Amino acid sequence: MKPALLLAPIALALLSGCSGEPAADSTDGKVLYNHYCADCHKADGSGSFLEGVPANRETAMSEAQLVRVILHGKASMPNMPNFGHLSEEQAKAIAVYVHEEL
């Protein structure tokens with residue numbers, strides 16, 4: 001068998017894990033934050049003052065408040081998308097990550 005034919009299935013298997021989309025049932029707060037939040041709030045939670053994106057690493061919101069904003073948005077933050085497709089557990093994992101890791 002040709003070496004290229006042997007390598008093709010291995011390459012496909014490796015690339016299949018590179019979609020960037022977290023698993024639908026993932027509760028890894030860091031993975032979820034990096035996928036859903038880091039584009040605007042930055043990976044380190046510093047936000048972007050000039051673009052009006054608050055730093056969430058120093059948020060005064062409680063975990064419960066963060067969960068509500070993640071799932072439902074907030075009227076006073078019209079540019080903040082909501083992520084209603086996430087489960088409560090996933091939103092809580094993001095909130096815990098923001099509070100404990102950033």
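All values derive from a computational prediction rather than experimental measurement.
- Counting only residues at least two apart or on different chains, no ring pair (Phe, Tyr, Trp, His ring centres under 6.0 Å) pair has a member in residues 46-81.
- V53 and M80 fall into different hydrophobic clusters, where Ile, Leu, Val, Met, Phe, Trp and Tyr are joined by side-chain heavy atoms under 4.5 Å apart, directly or via other members.
- The shortest heavy-atom contact between S46 and A55 is O-CB, 3.3 Å.
- L32 and F83 fall within a single hydrophobic cluster, where Ile, Leu, Val, Met, Phe, Trp and Tyr are joined by side-chain heavy atoms under 4.5 Å apart, directly or via other members.
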Using distance only, find each side-chain donor-acceptor pair of residues 59-70 under 3.5 Å and give its atom names and separation, not counting sequence neighbours.
| residue | atom | partner | partner atom | Å |
| --- | --- | --- | --- | --- |
| T59 | OG1 | M61 | N | 3.0 |
| S62 | OG | A64 | N | 3.4 |
| S62 | OG | Q65 | N | 3.1 |
| S62 | OG | Q65 | OE1 | 3.4 |
| Q65 | OE1 | S62 | N | 2.7 |

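- Residue pairs meeting the side chain to side chain donor-acceptor pair (under 3.5 Å) criterion with at least one member in residues 73-85, sequence neighbours excluded, are Y36-H85.
- Applying the salt bridge (Lys or Arg N to Asp or Glu O under 4.0 Å) test to pairs two or more places apart or on separate chains, those with a residue in residues 31-46 are D44-R57.
- Listed by first then second residue, pairs satisfying salt bridge (Lys or Arg N to Asp or Glu O under 4.0 Å) with a partner in residues 23-36 number zero, not counting sequence neighbours.
- For S26, the side chain to side chain donor-acceptor pair (under 3.5 Å) test picks out no residue, with sequence neighbours left out.
- V96 belongs to no hydrophobic cluster, as no Ile, Leu, Val, Met, Phe, Trp or Tyr side chain comes under 4.5 Å of its own.
- Each side chain to side chain donor-acceptor pair (under 3.5 Å) pair with one or both residues in residues 90-102, not counting sequence neighbours, appears once here: S87-Q90.
- In this structure, L102 CG and I94 CD1 are separated by 11.0 Å, a value rounded to the nearest 0.5 Å.
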